[in-house]
Amino acid sequence: MNEQVDVRRGAYHDSVTLMQVSKAVAATPGVSAVQVAMATELNVEVLTGMGFTVPGDAGANDLLIAVRGQDPEGVSAGLAAVDAALADLRRRTSAPQGMGAPPEPRTLGSAIERGEANLVVISVPGGHAVIETYDAIDRGASVMLFSDNVSVEDEVALKRAADAADVLVMGPDCGTAVVSGVALGFANVVRRGPVGIVAASGTGAQQVMCLLDAADVGVSHCLGVGGRDLKAAVGGLAAKAALRALAADEATQDVIVVSKPPAQEVLDEVAALAAELDLTVRWAILGAGRPDLTTSTERALAEAGRGIPTWPSRVAEDGDPGTRSAALRGLFCGGTLAEESMLIAAPVLGRVMSNIAHDEDLLLTGAMDGPGHLVIDFGDDGLTRGRAHPMIDPTLRMERIASEARDAECGVLLLDLVLGHGAHPDPAGDLAEAIRAAKAAAGRDLPVVVSLVGTDSDPQDRAAAEAALADAGASVFLSNAAATRHALALLGHDAARLHPVEREQIAGETTPVPAICAHSTGWRSESGSKSGEEPLRGLLSAEPVVATAGVSLFADALTEQAVQVVQTEWQPANDAAREGLARVMADRRRAAANAEALARMTAAEATLVDVVPAADALGLERGTFLHAGPPIEWERASGPLKGALIGAVLFEGLAETPEDAERALARGDFAWEPCHHRDAVGPMAGVVSPSMWMYELADDVHGNRSWCSLNEGLGKVLRYGAYGQEVIDRLHWMNSVLGPILQQSVRASGPFDIKAILTQMLQMGDEGHNRNRAGSLMLLRELLPGMITADAPSNDIAEAVRFSGANEHFFLNLGMPACKLATLAAHGIPGSSVVTTMARNGTDFGIRVSGTGEQWFTGPANTPEGLFLGSYGPEDANPDIGDSAITETGGIGGFAMAAAPAIVKFVGGDVPFALTATQTMYEITQGEHPTFQVPILDFRGTPTGIDVTKVIRTGILPQINTGMAGRVAGTGQVGAGLVTPPMDCFTGAIDGLAAAVREAT
C-alpha cells in the first residue's frame, strides 16, 4: 500500500484550517485519500478507521499528515500539496514582515493590548478556552466564548470573574452574538433596530433574528450567554449582566429572551430583574407546553403592534402523504432547532430518540443509530470534540443523509440550513447535491424538508439558497416550526392540529413563562435617552474592536464586515501544565499581584554604597562558600563549578594542592550554597569565599541590599573554573590591593547610582549582560577620582586603574546585583506568577517565582549556541552556568538585544534577530520598564517581568545572552552565545503556583 503518515511536533493549526487543507489536497492527481489533522484522540481514531497507522507517541499538539496514493509518486505529490497549502495559508494570514518586525501576538492579552480591543472571540479547544477567557477578563475585554467542552464549574467561575471585572462572558458554547451590528461567530446579517436579544441559544437566536428581519424589525444587540446559563447550576449570571447592559443601552427599547428549556426558578429571577430595570421583556422560551420560537416571535410582533407576516416558504410536490409507520429522521446542525423540532414532534409521534434527549431512555449514543423516529444534533459537544462545527464542516451530516436514504424506514428527512457569517461559504450548494443524491439512491419517494435560517443580506444569500434547495426537490421554510409541522404532515398527521395557536389569538394568549413587563406600547425606531453609567465598560455604545484566538474563519468574517481585528497566533499550552495553568489563571489575586510585582521591580533603586569582604557583608564563615545557580551536590557539579570551588579552597588556604582541595570537597569537609540564598549573585561559577571583596548595592525604596564579587578580568579566571597559580595570585592581589582601593573610592566619592548608568548604557549600545563597554566606562568615570586619591602606593593605584579600565565587563558585576535588587523587590507577593530568579550551576537551570517563595524549580541546563574562541568548538562547551541571567530576569541582557545590535558579533545571529528577540520577549513579560528604554524601538521600555503563565501558554522561552565555560575544569572561557532555560522549570513553577492557590483557598 502506498501511504505515509508524518508527525510534525508542536505544529498547531485549528481544525477548520486543516479541514480546508485536506479538501484542497484531496483533489491532487494520484492522491486517493488524505487527512491533515491534529493528533487528538478523535482524529487518531478517524485515521485508524481509514486504515492509516499513527505513531503511538503523537500527542494532541502534534500535526498528523496522512496521505494514501495510487503509487509512490501520488504520495509524494500529496505531501508536497500539503506543504504548499500550509505555506500559502501562512502567507495569507501573516502580517507583512519588515526587518526585525515583531511577532504576531501569541496570547489574547497581547492581542488585546496591541489593538486596544474591547471584545474577544475565543474558539480554541475547550480544555484551553478557560485559560484564554481569564486572560481576556484580566484585560477588561468582554468575551464571546464559542468553545464547547467547558465544565459547568469553570463556566460559573468565569462568569463570576467577569461580573467582578464588569465585562461579559457570552458562553461557553455561544455560537451567535451581534454587538452594535457586528456579527460574531455564526450570526446573520440583520437590520439594525430597537430590539435587544438575550440568547441562551445560538440557532434559536438566529431563528428569532431572521424572523424579525423578515418582518422589517431590526436588532440592536444579540448577547448570547451560552446554552447552560439559564440552568440552575449557572443561575443566569450572564443573562442578568446582559439585561443590565441592554437596559442602559440607548439603542435598545425592548428585549426578547431566547432559550432552550431553562430552570423555572432562574427564569423567574431574570423576570424579576427585568421588572426592577423597568425593561420590557418578551419571551421565546422552549419547553413542554410552551410556544415554539416562531409563535413566540409572532406574539412579540403582535404585542408591539406589528403585523404578522406570512413567512417565506417553498413546498415541493412530494405526492401523497406517507403512512404513520414511516419514521421521521431529523438531522440538524443547530441544537436549538433540533430541540424545537423534538418538542413539536414528540406529542404527535411519541418516542423520538436523540443525542440531546433529556430523558435517558430516549438518549442516542455511539453510532447514533436506532429504529423509529430520530433527531440528531450534529453540533452537540460529543460530535464536535476535535473537529469543526457542522455549520463549517458538514461532512458527518452529509454521510448520515446518504445512509438515511438507504434506510427503508426513513419516511421524511428533516434538515436545517443556517446561513450567516462564520458558516460554510456555500452550504446550500453542498446540501442540495446531497439531497439530490439521497433522493436518487432511495429507490422510493423520499420527502426532504429544510428549515432555512437566514436573510437576503447574508453572505450566502437566503433567496439563492432557497432556490438551490427547492431545485433539488426539498420543501423549504424560514420557520423551523413550520418545517417540522410540514414534515409531520408528510408522515400522515393532521397538519391543522399541529398549530394549536391561532394567529388572531396570539396577542392575548397566556404562556407558562414569567409575566411580561409590558409598559411599552411598541418598538420605536429611535431610542429615548437613558441615564446612568454604562455597564460592561461601555461595550454596547463603543465601536467594537475584536481580538480573536482560534478558528481563523471568524476573524475573516469580521474583516469582511470592516471590523478592526487582531488575531492571536494561538498555540495550545503545554499539556503537562494545562490543569495547573487553568488553576493559576483563575486565581483572582494574580492580575493585581503581577501588576504590583512589576511596579516594585521597576521602582527599585540600585545604588553602590560600599565594597566590603564577603565575611563582613554576608556573614560568610571560613569553610563556607557560595556558588551560582540552584543548590547542587558535589557529585552532580559541573567541571567549571568544581574547578572554581577548588580554586576558592586554595585561595582561602584550606588546602595545599588542588588534589587535596578536591578530596576535601568530595568528603563534604566544606559547605556551599547558592549566592541567591544570601541575596547575592555571582557570574559564571559564581563562587564566593569569605575573603573575597564584594560590591554592596542598596535599594532604599524597598529596604533591600544585594552583593556581587569583583570582576576578575578576562582569560583564565576562577569564574570559568580555572584554578592555576596565576588565578590564585590574581585573587590575592584583588584581595589586598583592588578591594581596598575600590572601597576607599566608593566611601569617598559615592554612593553611585547604578540604575542611572544602566539606563544610559542601554541608549549607548550596551545590553547589560554580554556587552558592557559603555557601562564600564561610565562606572570608571565615577570611580576614578576616588581611586587616584586613595591611601595606597601609586603603583598599586595605577595597576588597579589599568586593570579596571582594561576589562570590558567590569560593569557586569554591578549590573547583576542591580537587577537582583529589582527582582528582590518583586519577590514574595502571594498570587504573583512573575519570575524573580533565573540561575544556572552548570548542571541545572533553576528559577524562583514571586508567589512561591524560596522554592526552586529546575531542569537540565542547556548548552549555549554561538561563537567560539580560537580552536574551541561545541564539544568543549559546558552546559549553561552563572547567576548573570538575573539581568534578563530584570529586563535587560537578552531582553534588550535590540538596544545593542553589535552584540550579535559576539554571540552570533544578525541585527534583525536582535530586534525580533527583544520584541518577542514582550509576549512573555508583564509589562515594560519605564526607565530602561530601547531607542530603535522608539524608546519603548524593555520587556520586564517574566510571567510563568505566558511562557507556558506561548511556548516562548526567555532569551539569554551568555558566556560559555569550558566543560573541563580549569579550561576557562571557550566562547559566547545564546541560550534558553528548559521548559521543565516553568511547568514545575506552574504546579508550584497551583499548589499555592489550593493552599490559599
Side-chain angles (χ1 to χ4, degrees), residues 609-697 705-712 716-744 746 813 816-817 820 839 841-842 854 881-883 969-970:
V609 295
D610 209 348
V611 182
V612 290
D616 299 335
L618 304 174
L620 206 59
E621 299 176 350
R622 184 171 174 81
T624 300
F625 303 90
L626 304 183
H627 65 83
I632 192 168
E633 310 79 30
W634 176 261
E635 293 75 15
R636 298 182 60 246
S638 64
L641 179 54
K642 285 183 175 180
L645 285 168
I646 290 169
V649 170
L650 295 173
F651 167 64
E652 291 290 342
L654 297 173
E656 293 293 330
T657 67
E659 294 76 15
D660 291 340
E662 183 171 3
R663 282 192 291 269
L665 286 161
R667 284 195 306 268
D669 293 354
F670 310 119
W672 56 88
E673 63 178 303
C675 294
H676 281 286
H677 287 188
R678 304 208 184 194
D679 296 341
V681 283
M684 301 309 292
V687 169
V688 176
S689 68
S691 300
M692 295 179 183
W693 286 68
M694 310 285 287
Y695 292 117
E696 181 173 330
L697 275 67
R705 300 259 166 153
S706 183
W707 297 267
C708 186
S709 56
L710 310 183
N711 194 288
E712 303 168 79
K716 286 187 176 295
V717 289
L718 187 78
R719 68 179 184 272
Y720 281 102
Y723 53 80
Q725 190 58 49
E726 71 275 25
V727 174
I728 306 304
D729 290 345
R730 184 186 301 112
L731 290 173
H732 282 298
W733 174 81
M734 294 172 67
N735 190 43
S736 60
V737 175
L738 182 62
I741 289 175
L742 289 174
Q743 182 189 68
Q744 291 184 61
V746 172
N813 293 47
M816 288 171 57
K820 176 63 180 176
N841 56 33
E854 305 312 303
I881 188 170
D883 287 336

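A distance of 13.0 Å separates CG of Asp729 from CE of Met734, quoted to the nearest 0.5 Å. For the atom pair CG (Asp669) and CG (Leu654), the distance works out to 10.0 Å, reported to the nearest 0.5 Å. One distance of note links CG of Leu738 with CG of Leu731; it measures 11.0 Å at 0.5 Å rounding. To the nearest 0.5 angstrom, Met694 atom CE is 6.5 Å from Cys675 atom SG.
Counting only N and O atoms by type, the side chains of Asn735 and Trp693 include a donor and acceptor under 3.5 Å apart.
Listed here is the closest heavy atom pair of Ala648 and Leu718: N-CD1, 3.9 Å. What you find for Ala680 and Ser706 is that their closest heavy atoms are CA-OG, 4.4 Å. In terms of heavy atoms, Ile881 sits closest to Ser638 at CD1-OG, 4.0 Å. When all heavy atoms are compared, the tightest approach of Gln743 to Val611 is NE2-O, 3.0 Å. Of all heavy-atom pairs between Ala614 and Ser689, the closest is CB-O, 3.4 Å. Residues Gly647 and Ile728 share a closest heavy-atom pair of O-CD1, 3.4 Å.
Ring pair Phe670/Phe625 is perpendicular by interplanar angle, where above 60° counts as perpendicular and below 30° as parallel.
More than 12 heavy-atom neighbours from other residues, nucleotides or ligands sit within 6.0 angstrom of CD on Gln725.
At least one donor-acceptor pair closer than 3.5 Å links the side chain of Arg730 to the backbone N or O of Lys716. For the pair Asn813 (side chain) and Ser709 (backbone), a donor-acceptor distance under 3.5 Å is present. In this structure, Asn841 contributes its side chain and Gly629 its backbone to no donor-acceptor pair below 3.5 Å.
Contact of the Pro683 side chain with the Asp883 side chain is not registered, since no non-hydrogen atoms from C-beta on lie closer than 4.5 Å. Counting heavy atoms from C-beta outward, Val609 and Leu697 have side chains that stay 4.5 Å or more apart. Contact check for Leu742 versus Tyr695: side-chain heavy atoms found under the 4.5 Å cut-off. The shortest side-chain heavy-atom distance between Ser691 and Phe651 falls under the 4.5 Å cut-off. Side-chain contact between Trp707 and Val688: absent, with no pair of heavy atoms (C-beta onward) separated by less than 4.5 Å. Between Tyr723 and Glu662, every side-chain heavy-atom pair lies at or beyond the 4.5 Å cut-off. Counting heavy atoms from C-beta outward, His676 and Lys820 have side chains that approach closer than 4.5 Å. The shortest distance between side-chain heavy atoms of His677 and Leu626 does not fall below 4.5 Å.
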Can you give me every donor-acceptor pair (side chain of residues 616-624, partner residue at least two apart or in another chain, under 3.5 Å) with its distance?
from   : atom 1 : to     : atom 2 : distance (Å)
Arg622 : NH1    : Glu652 : O      : 3.2
Arg622 : NH2    : Glu652 : O      : 3.2

- Query: Would Glu696 and Arg705 count as a salt bridge (charged side-chain N to carboxylate O under 4.0 Å, His left out) if you check the C-alpha gap in whole Å, the side-chain angles of each, and the deciding distance to 0.1 Å?
  - Reply: CA-CA 7 Å; Glu696 181 173 330; Arg705 300 259 166 153; 2.6 Å; yes
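Glu673 is linked by a salt bridge (Lys or Arg N to Asp or Glu O under 4.0 Å) to Arg678, counting only residues two or more places apart in sequence or in another chain.
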